[in-house]
Each structure stands twice: as structure tokens, then as C-alpha cells.
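Only this structure's heavy atoms are used, side chains among them; waters, hydrogens and symmetry mates stay out.
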Amino acid sequence: MASLVSSPFTLSNAKADQLSSLAQKHFFLHSFLPKKINYTKSCVRVKCAAIGNGLFTQTTPEVRRIVPEKDQNLPTVKFVYVVLEAQYQSSITAAVQSLNSNKKYASFEVVGYLVEELRDESTYKVFCKDLEDANVFIGSLIFVEELALKIKAAVEKERDRLDAVLVFPSMPEVMRLNKLGSFSMSQLGQSKSPFFKLFKGKKQSAGFADSMLKLVRTLPKVLKYLPSDKAQDARLYILSLQYWLGGSPDNLQNFLKMISGSYVPALKATKIEYSEPVLYLDSGIWHPLAPCMYDDVKEYLNWYGTRRDADEKLKSPNAPVIGLVLQRSHIVTGDESHYVAVIMELEARGAKVIPIFAGGLDFSGPVEKYFIDPITKKSFVNSVVSLTGFALVGGPARQDHPRAVEALRRLDVPYIVALPLVFQTTEEWLNSTLGLHPIQVALQVALPELDGGMEPIVFAGRDPRTGKSHALHKRVEQLCTRAIRWAELKRKSKTGKKLAITVFSFPPDKGNVGTAAYLNVFSSIFSVLKDMQGDGYNVEGLPETSEALIEEILHDKEAQFSSPNLNVAYKMSVREYQRLTPYATALEENWGKPPGNLNSDGENLLVYGKQYGNVFIGVQPTFGYEGDPMRLLFSKSASPHHGFAAYYSFVEKIFQADAVLHFGTHGSLEFMPGKQVGMSDVCYPDSLIGNIPNIYYYAANNPSEATIAKRRSYANTISYLTPPAENAGLYKGLKQLSELISSYQSLKDTGRGPQIVNSIISTARQCNLDKDVDLPEEGEEISAKERDLVVGKVYSKIMEIESRLLPCGLHVIGEPPSALEAVATLVNIAALDRPEDGIFSLPAILAETVGREIEDVYRGSDKGILKDVELIRQITEASRGAITAFVEQTTNKKGQVVDVADKLKSILGFGINEPWVQYFSNTKFYRADRQKLRTLFEFLGECLKLIVADNELGSLKQALEGKYVEPGPGGDPIRNPKVLPTGKNIHALDPQAIPTTAAMQSAKIVVDRLIERQKADNGGKYPETIALVLWGTDNIKTYGESLAQVLWMIGVRPVADTFGRVNRVEPVSLEELGRPRIDVVVNCSGVFRDLFINQMNLLDRAVKMVAELDEPAEQNFVRKHALEQAQALGIEVREAATRVFSNASGSYSSNINLAVENSTWNDEKQLQDMYLSRKSFAFDCDAPGAGMSEKRKVFEMALSTADATFQNLDSSEISLTDVSHYFDSDPTNLVQNLRKDGKKPSAYIADTTTANAQVRTLSETVRLDARTKLLNPKWYEGMLSSGYEGVREIEKRLTNTVGWSATSGQVDNWVYEEANTTFIQDEEMLKKLVNTNPNSFRKLVQTFLEANGRGYWETSQENIERLRQLYSEVEDKIEGIDR
């Protein structure tokens, strides 16, 4: 392994002026790795290939082994230690070498392990062997459960024989191994003694480490409770902890002497002298050039002002001040060269530095103590960079995010959390496509994000031999420049600040400029700019209206018709481009020499957009390969093209933006190739964003992709609201049906009953409901009971359409919904039970008043039992009425919410009858439980306040002023109202926290319904294999429901550790399961792969475990198929049981969506090839470090056994035709082609958007979607009210419908026919579409023609002629030819 050069900083002789010159040297990271490998004799040769043992680290404990020369006169004492990070390695090694050179008392043998190395079976065996003849075992910071259990098993075997076992802050299971003479912790967490109370990890404290530090301070009080010999042993344990936390070679030498002299029998008689521990400050300020550590900021700043080595610029009051947060253990063990590098780099760039450290795991106190002026309460610093990588409070153990957020809010500056490599060496990280080790991602990327931390830049590597950290200069430069750029935002005047607003155009077409999910982009930009103008920013020449703004960006007034191009803001010559873009040559492999033919005029590269004063509004180029079917087949995505790179070079170096604002969900920057997490300097997102602070408006309901933007393009994400939801309602024939049904209910027992049923049946046929409901022939004689059932089923279907939620229109930033617009959302919030808050759902409370269980009513209604369908309708109506009455009480005449709290007090006080009680008193639910209702409505009052609050503009301005943007979860506001108010820095969740117990409960219900449905459609046979998809966002919103579904299908359950983290599974017995284990083929989206790699590991382990169970094949389909496939492919069963697939690292989607959106495909076979080539990368739990490796054969064989395909819909805003992702990962037709019998698999969609979870077929869901959105006047009128963007939304739904035809063939002909009637045959509608957005209208017409040409829509010849004629008319109009 290359001996990595340690950083050149040594404090003794380094002069600061030499150091600052480092900043000017351009080290390319790879220049770190010398070509020649020279091994010293003492160093055991370590094998290292990129894969090696397939684990994340190939380092071995041999570099930490010291075997003394045999000395006949001296006993040998052997120490074995296990630590999380390698910073103790050099200190321990130095201590032992120095003890051995004295040849007194004993010879010391020592060997150390990093927790992560114990994943490797052979290393683990060596570890167990080492313990067999060890005297003392030492462990510290062991927080990874699967490895903690391995350590526990190994040490437990030897514990009674060992002379001493010392475990410092770790998981309770490992802490209980402690034994020192009569002192032990085996009762940890159960005992009543005051000693143990300190260890009870209280929720609010940062757990063990801080209790331990308290313990060190309160020692004298504790010891008087213990008998004297116990007191002595406990005292030595505390001393040991002090030595360990002191960490220097001297401290560790005395620690080894004390433990050996006191507990090793061979040395009992020898008197070994040792000195007391040298104590360092618990927390303070440390600077490598300062004479001492400081406990007071004023003293430190006084010293800073008198530094001789610093130039005047650094001492001037105008220099930016950067706060650094460091880990005390690195400073005391002398492993701090990476910290020194950051301090020197910042100072070389003219920034003052205040580096603080803390010994515990709670940094919130020190941050407030040293960074905030106690008198003015203002912050001393302009931005803060934590170099620890851990959450602010609690490190790797229990976190306390609210306390961290509180401290950071008081500080109110940007908070960056950078990472030192912990589990990998530099070389291993460089070679890895995954980038950072998954456990490090969970502990040091996901958890700091919950504090509002951003920019996870890897700034330090680890040397495989010495274990020391060293700076990665290129990364340190990136980190320091960005930290200073954020700090500058705090100091620059508003008039001088430059902002580059970036909009997206996807798929590339002029009608698509400004695409973003649920957002009216141009109206939003207009409202943001108006607001900034009023606030003192320079936005010179801003037009009067948002329509005028669209015109100017799309071109001058004539642009809509006369020019295919957008407004050109800048022409960049090839020479200038190459000078400004250091990585330009790397793009030539994919795109040839610049300028290329994208975003260029053949000579120059073109940047599209327009400048207003200090604001530039630019259009981000697209991927560039969406129009090339050959490129879409490549399994790995291409680099950005020259035009893309030129855009960001322009923004950073020519326009010189102080910040870039990416407007809406989402662009392509963060999806460019590179590592998944922990970018290196050759990863494209890192190169493109350069040094510009990146602010990103992201939809609140999409935390998964927002997280990708945070991690890969360093975005400060700010959430915006999705438009207020409304019920879909009924229209045309559906409305008529509903009227017929109510007359049937009042007249069914008269002679008119049968006649009305006949009208109901024929109207239902006209509305194409005969596909969803089994209708008898017209005029057929049926009994009264059967009549009720037919009507009940139709009624149930209509109710389902009517109450479906849809987001109406598009959101405008800074315009929260009015209170009445919030009613439908509140009704849905009220429909869910929230047992953890003691809240019952409104439908459950109402059903209870009429003596029914709500679940029971839902079931009856699903079966079409008329009285149950009617009861559901009454409950729904009563819920809407009561909530409307409640909302009206809390709003003023203008419909705005007045202070809800005061209004609620008067409502909830006595004397006034509560509005909902008044409402229910006139219905059959007048006896509803008042207490339950009051609890529910108090909660709804809180929610209402959050829905109408508006902080989207406020947060943007905070970010632009270099302030802290408060973090908040992303997700579905109906399931988790904590998502509101919007305007928060979106984060996902702790990836190790899912699936939760509640998610497991919901998953069981869905899986059981799915299997029932498949048996019913399939002659009572169980499905052998189900092919399904895991999405990132769904699993965040539902806390892992779809993940839990996979576990339940194969019959395993997750097991959580003491901290509630899920890293293990156990099989459920076949008796308990009551059915065979069902095989699965799991396709994980690229985003799921990036966010939940730990969970992919868990799934792969679960499937392989089930494949190896000794069970009959007909009861375990996983095993049955794995055995068959192993035999066919000549591989091991374990490898044949590979079932967890995704894209190659750094690539996303199967590209079917791009092919369909851009009409660049020949036939369905081509789409299926894309799916197979891009989605056949497997994750292997036996070699997790290898990342994703291609296993196409196994993938095809596994898919060929699928009897059903399956996806989840989890929230009302996103349905099957709203986004292209769903059909992009649908393998229905593909499976049919792969199956030996050529049978089409059943396709199902689980819908958990309401309290009554449903499993429908894919075609039922597509029909429901078409009826509630594309063909629903309420929806399309709402869209058209947004103007230009609205036409595009309509076109997008039709294109996505064609996508479903292409991948599954499950779209009925009438859907296209009705769409044609609605949008093309209605003259008035036609005019509106053409004039509002001719480009999108052209695409709409093209899509109709394509659907017909590809055989998905059969229609009359005149319809086709009309469409062709329209197409050429609108072409001419766009080209500006007036006939």
C-alpha cells in the first residue's frame, strides 16, 4: 500500500510564512500517492486491491502490533485494544516502544484493531486468537451494533481469565464487559447505585461520554458509597479514563504501568511507579502556534492581536472570522496535522480563526461559550466549520438535535460539517465509487444534517501504516474557500451582492423553461425579486409583471414565435472557456472537443438568460444525451457537456455570483457522475459548483432528492409548500351517476328501483366504469340484494374518485394558502390515528358514535356493501363540515387566519359551544366523544397555524445574509405536520432508524392484501416472486414502510439495538408466517441507493439468510429459485440469491423516462434493454466495499420468475402520471418477455395515501389517475390558471400516460380518446392552449400522434387528420410563418 505522505506541518520549526505559501501550490490530490512503494522491514506487507476482501478497509491490525524481543528475566504483558478511529494508534505505539526500551518490570506486547476491520472474518479470527493469551483488553467508542456484538462474544469467552477489561464510552452491551478487580459494570443500566445512575443514557444528555466526564469530576462523592477495596478499583477505573482521555504518549505509558502493576498477577510483587495523569482542559480554544490552550475568548483574541507571524490584514477588524470545532482526542494524542492544515489555509486566505475543542460529545456549550459575546449576545464568528464530522450534541451515541439547533440558532451563522476519513484510508476512498463508508455516512453525514449542517466535504485522509490523519490539500482549499464565501455573505452590503438564479428546462424545449415540481417558477421568481428589491438589493430593470419576465428570458417580445432560441446572456469563446474551466479536457472523452453542438453556435459556447442589476437569471443546460438512444443504453451516465460546464464557469468567474439560487425541484447538477457521498476533486458536482454558496428551493415533500442536492452539490436546501390540496370532486357522467344513486336510495323499495338500477348500469358503462366494477347486462333480472350490491360497488368507486386529493394549481413562493384552502388538507390530517400523541382519527371517533369500528366500515365499503358505503359518505361529509366550521371560526373576513391561539382559547374555554360540537349536533353523530374531539381539534389548530405560516422568502433572505437556516424534516405534511411551516433547511432521517415498528405494522397489512389479491386473480395460487421498487422519498415519508414490505414478503423481522437503530434481522418461523416465503426482486432507485445503502445491506443479508434456511422448497420460494439459479449458472447459492439491484454508483434512473419524454426510442425492446443495462447492478453484503457490481444474468433470471410487479403510492401529491419515475422503473412488459411461458405478470399498486390502504391493479390506478387529474375539469382549469406553466403540466401527464403504455400496456383506449375530446375537439380549449404556451401544445399534439402511431390508441381517421393539421399549423406559428 502506498505510504501516504503525512502533511508537511510540524510545529517546532514551521514558520507561518512557509505555511501560507502552501495555499498557492496546486497539489492535485493524486500527487499524494507516490508511484514507488517502499516498505520498511518492520512493516508487514498489506495487500490492497480496489476490492481486496470486498470490505471497506483493507488495513490490517498488523500495523498496530508490537512484539517485544524475548527477555528471560522479564514477564510479558499483552494488551489488545479496539477503537473506532485510528488517532490513538501512534500514541499507544510510542508509549509501548518507550516502555520496552527501558527493559524494566516487564516486556509489553500490544496489538490494536479498528472496529471496522472486524467485519472481515479472517481478521476476526486473528482477534479471537489474540484474546486467548492477552492479559488486558481495552475498547473505546464501539457504537456499531453488528460489530459490538462480535466483540462482546469474543471478549465474554475470555473475560474471567483476563486480568482486566477496560471499556470506555461504548454501547451498554460492551460497557458491561468492564472488570477491574472487584469493580464491574455487569449491572449497567439496572443497578440502583449512584455510580450507575450516572451512566443511564438520559435522553437529553449526550450519553455516556458526558456522564463519564461528570464522573471524573464528582469522583470523591461517589466513592464514599462503595466498600474500600471496591472504592480502590473504581478509583483506578476513573484514573484509567483520565489517562485515556488525556491521550498523550506519557499519559498512556503511565496508564499501562498502573494497570499492569495493579492487576497482572506476575507483577503483583513488583512496585511499579507511575505518575498521575496530565490533565488537559475539558474544552477550550487551541491554536497550533499559541503558547497554551485558552479558556477565555478575550485572552485568546488578545494573543491573536499580538502575533508576530501574522500580517496586518489578518489582525484588521475587517477580516472574516471563522469558528472551527475540533475533537479533543486528536489534539491530545498529537494527531492534529489535518487541523493545522485547515487553520493555516484559512489564515493564508485572510481569515481569523477561533478553533475550539471539547472532550465530551456535547459541543453546544463550548459553541455558545466561545463563539457568542456574553454581553452583546452577538456572534464573534461569521461562519462555523466543524471538523469532527459528528452531530453537535452526542457524537456517535445518542443525539439531541433540538438542543443543537437551539445553540446554532443563537449563533445564527452558516454551519458546515466537514469529514475526516474514519474507516477508510485515503487510497481506499479515492478508489471507491461509493465514496464514504456507509456507517460514516449514517453517523457523520445524515446526523449532522438534522442539526442543519451542510457541505460534507472530506478534508482529511488516513495513513494505512501510522493510522495518522493527514490533510488532503485540494479538499482543504475547497472547504476553506467555501467557508469564507459563506462568511462573506454576512458582511457584504445588500446593494453589492450578486445572485445567480438558475432555472431548469426539462425535457429541453422552449415550452419547458422553468420546470419545477408544483411550482409556478416565473411568478415565484418575480415575487422573490420584488421582495429583494424592497429590501435593498439591486434588481435594476425588472419588468412590471411576471408575464413580461417570461418574455424577456425566452427572448424579446417576438420570441414566443420567431426564434427557436432563448435570450443569450453571454458568448464564451473556446479559449476563454478552457482558461476558466480546469476540468474541460476531462469532458472531451464523452463530448469531443469544445464547443460541441449543445449550447453553442459552432464557435462560442452560449449562456442563456438575462441580467437585472446584480441578479442574473440563467437557464441550466440539460444532460445533453436525452436525444440519443444509443447513449441512453449506456449503463453509466455521461459527464456533463461543455455547455453545462461553461454555464457554471460563467456564473462563478465572469458574473462572479456571491451565491447561486437553484429554483425549484430539480436540476441535473447534483445528478452528475461522481462518488455517491464524499466527493473528491474529480467528481463533477464538486467541480461544477466550484466555490459558490449554493441555495436551493426544494419541494417539502421530496426530502430524498433534496438530500442528494445537499450532499453532492453542497446545497443549503429551503423547502417550499406543495399547492393546497382539494378533493377531486365529480363531473359530467360521474356527477349524473351520483345523482342516480341518491335517487335509488330513496326509491329503491318502490317499483322504480330496477329501472333506476338499469340507468345506473348504462351510465356507468358510458363512464367506462365497467372495467373497475363487474356490471350485469342491461335488462338482466337481478334480485333486490344483488341490486344493492351493484349500486354499492359503483357508489364506492365514485366516492373513491370524489374524495381523491389533488394539488390544485401551482405554488407561488411567498403566497401561503388561505385558511379555507387548507380545509381539505386538515380533513386528511384528521383522518389518521396518531397513537404516539394520543390522538384518535375523526372517522374513528364518528364511527364509534354509531357503534361501529372504522376498519370494519372500510372493509364493508371496499366490498360494496351499500349501507357501509353510505356511512363512509356521511362520515366524510361530517368531517368536512365540522372542520370547515372550525376554520371559519379562526379566520377574519379576508379569509386569513387570525391568531389561532387566542381564538382557540375562547373556543376551548367554557361557555362557548365548540363549533364542531355545534355542527355535529345536527347530524347523526351528535353523541361523539367530546374529550377525544377536543384533543384532535387542538392538534388541528396547531396544524392550521403551520400550514398558513410563511417563511419561504424569509429563509431565502436569511441564507443570502449568511445566517443559519433552521433545519426541518421533509416529507408528507399530512402524515407528518412537522414538515410545516416550509422555508426550512430540509433533511431526511437517520438511515439506521428505519423501518420503525409502526411501519412494520402497516407493511404487514399491505403485503397480506397484496397476496390475497394475487391469489384471487390467480386461481388461489401464491405468487412465487414479486418484482418491486424502493423509492428514497417514500421510505423517508413512511419511515420505511416499503422496506418493511420486502422484509415481510420473505418472512423476516428487523431487530433494533439499544439506541433504536436497525442493523439486524431475524427470520420469522413458517408457523407464525402462515404461508410460504415469497421471493423478491428489488429495484432500488439511485436515490434510495445513495441514502439507504445500510438498508440495502440489511435487505441483501436478509434474502441470503432466508435462501440458506433448511426449509422445503414449496414453503420457501427464495431458496427454491436460488437453488435452481445456482445450478443453472454454476455459482454458489449465496451468490444466486442476489436480489437487491440498482444503478451503477453515480448513475440514476433507467433512462426510459428520458427516451419517452424526448420520443427517442424505436420499440419497446429498446426500452427493456435500457432497463436491463442500467438497473442490473447488485449490492453484495459480503463485499459491501465493492459498491455496485454488474450481475445481469442473475438479474434476468430472477425477473423471469416474477408473477407480479408492485409499486407503492404514499402521498396524494404524487401519483402515477405526475412524474416519470414510476413508469421508468416498471418492469411489467419486460418480465413478460423474460418469462419462459411468456405470461404477463399481474401489476399492482399499493395506495397508502389514505387511512384505508388499498391494493389496486396498475390499470385500475391509471384509470383513477386519469379520471381525477388529466380528464378532471377541476384539475386542468386549476393548472391553466397558472398560464404558461399550466399547459406544460397537462402535456406532461399525457406523455407519462404514454410511458405506462410503453412499459406495461395497462392503459385503456378510452383514456386517450377522452383526452382528445377534452383538449383537441373543444375549440375554446384549443385556442387557450395554443396561445398560452405554443411549444408545449406542439408537444401535446405530437404525443397524441405518437400514441396512435405506436399502437396504444385506436381512433378515427378524421381525428388523426385533424391532429396532423394542427401540428403543422402550430409549427408554422412557432417558426413565425403566418399563412
Side-chain angles (χ1 to χ4, degrees), residues 7-27 284-326 331 336-357 366-367 370-373 376 378-387 411 413-416 418 457 459-460 471 473-493 496 658 691 693 962:
S7 350
F9 298 124
T10 44
L11 296 186
S12 49
N13 55 10
K15 298 278 190 299
D17 53 2
Q18 287 167 271
L19 291 172
S20 59
S21 70
L22 272 171
Q24 280 88 54
K25 283 195 199 140
H26 285 288
F27 284 109
I285 305 175
W286 169 85
H287 189 292
L289 300 177
C292 61
M293 292 179 172
Y294 294 94
D295 195 24
D296 179 336
V297 193
K298 291 286 192 298
E299 279 180 34
Y300 171 77
L301 291 174
N302 288 342
W303 165 76
Y304 212 90
T306 60
R307 279 174 64 180
R308 291 224 184 106
D309 60 281
D311 58 8
E312 289 315 303
K313 203 170 100 192
L314 204 55
K315 295 179 186 174
S316 96
N318 296 331
V321 186
I322 312 285
L324 296 179
V325 180
L326 315 175
I331 298 170
E336 77 309 57
S337 69
H338 55 314
Y339 290 170
V340 178
V342 173
I343 293 169
M344 294 306 165
E345 178 71 29
L346 284 168
E347 293 187 345
R349 291 177 180 272
K352 271 192 189 123
V353 188
I354 304 180
I356 67 167
F357 64 86
V367 160
Y370 303 119
F371 289 161
I372 295 176
D373 188 324
T376 64
K378 284 225 163 66
S379 160
F380 283 125
V381 291
N382 307 120
S383 67
V384 169
V385 183
S386 165
L387 299 179
L411 193 57
V413 298
Y415 172 56
I416 292 174
I457 296 173
F459 76 98
H473 293 289
K474 207 68 174 191
R475 305 281 71 210
V476 166
E477 253 173 64
Q478 174 77 318
L479 172 67
C480 296
T481 320
R482 294 188 65 84
I484 293 172
R485 292 291 296 269
W486 275 110
E488 291 296 348
L489 286 178
K490 193 139 191 118
R491 302 145 36 85
K492 237 183 180 169
S493 71
D658 291 296
N691 296 324

What's the verdict on side-chain contact (heavy atoms from CB on, under 4.5 Å) for Leu289 and Arg307, showing C-alpha distance, side-chain angles and the deciding distance?
CA-CA 9 Å; Leu289 300 177; Arg307 279 174 64 180; 3.7 Å; yes
Distance-minimising heavy-atom pair for Leu314 and Gly350
CD1-C, 3.8 Å
Residues in side-chain contact (heavy atoms from CB on, under 4.5 Å) contact with Thr306, at least two apart in sequence or another chain:
Trp303
Is it true that Arg485 and Glu488 make a salt bridge, defined as a side-chain N closer than 4.0 Å to a carboxylate O?
no
Can you list the residues that meet the side chain to side chain donor-acceptor pair (under 3.5 Å) rule with Ser386, with sequence neighbours excluded?
Thr388
Taking only residues two or more places apart in sequence or in another chain, which ones pass salt bridge (charged side-chain N to carboxylate O under 4.0 Å, His left out) with Asp296?
none
Tell me every residue that passes side-chain contact (heavy atoms from CB on, under 4.5 Å) with Ile457, counting only those two or more places apart in sequence or in another chain.
Glu455, Arg475, Gln478, Leu479, Arg482, Tyr714
Rounding to 0.5 Å, atoms CD (Glu345) and CD1 (Ile484) come to a distance of 8.0 Å
Indicate yes or no: at least one non-hydrogen side-chain atom of Val413 is less than 4.5 angstrom from one of Asn382.
no
Tell me whether the rings of Tyr300 and Tyr294 are parallel (<30°), tilted (30 to 60°) or perpendicular (>60°).
perpendicular
Partners of Lys313 by side-chain contact (heavy atoms from CB on, under 4.5 Å), sequence neighbours excluded?
Asp311
Working to the nearest 0.5 Å, report the span between OG of Ser383 and CZ of Arg491.
10.0 Å
Given side chains that start at C-beta, do those of Leu346 and Val385 come closer than 4.5 Å, heavy atoms only?
no
What heavy-atom pair brings Lys352 and Pro317 nearest, and what distance separates the two atoms?
NZ-CA, 4.3 Å
Heavy-atom pair of closest approach, residues Pro288 and Ile343:
CD-CD1, 3.6 Å
I need the Phe357 CZ to Tyr370 OH distance, nearest 0.5 Å.
7.0 Å
Drop me the distance from Cys480's SG to Glu347's CD, to the nearest 0.5 angstrom.
10.5 Å
Might you point out which heavy atoms bring Asp658 and Gly496 nearest each other, and give the distance in Å?
OD2-O, 3.9 Å
Work out which heavy atom in Ile322 is nearest to a heavy atom in Val381; give both atom names and the distance.
C-CG1, 4.1 Å
Would you call Val384 and Pro414 a side-chain contact if the rule is heavy atoms closer than 4.5 Å?
no
Straight-line distance of Phe371 CZ to Ile356 CD1, nearest 0.5 Å:
4.0 Å
Can any side-chain N or O of Asp295 pair as donor or acceptor with the backbone N or O of Gly284 at less than 3.5 Å?
no
Decide yes or no for Met293 and Ile331: does some side-chain heavy atom of the first lie under 4.5 Å from some side-chain heavy atom of the second?
yes
By ring pair (Phe, Tyr, Trp, His ring centres under 6.0 Å), Tyr339 pairs with (sequence neighbours left out) His330
State, to 0.1 Å, how close Ile416 and Ala483 come at their nearest heavy-atom pair, and which atoms those are.
CD1-CA, 3.9 Å
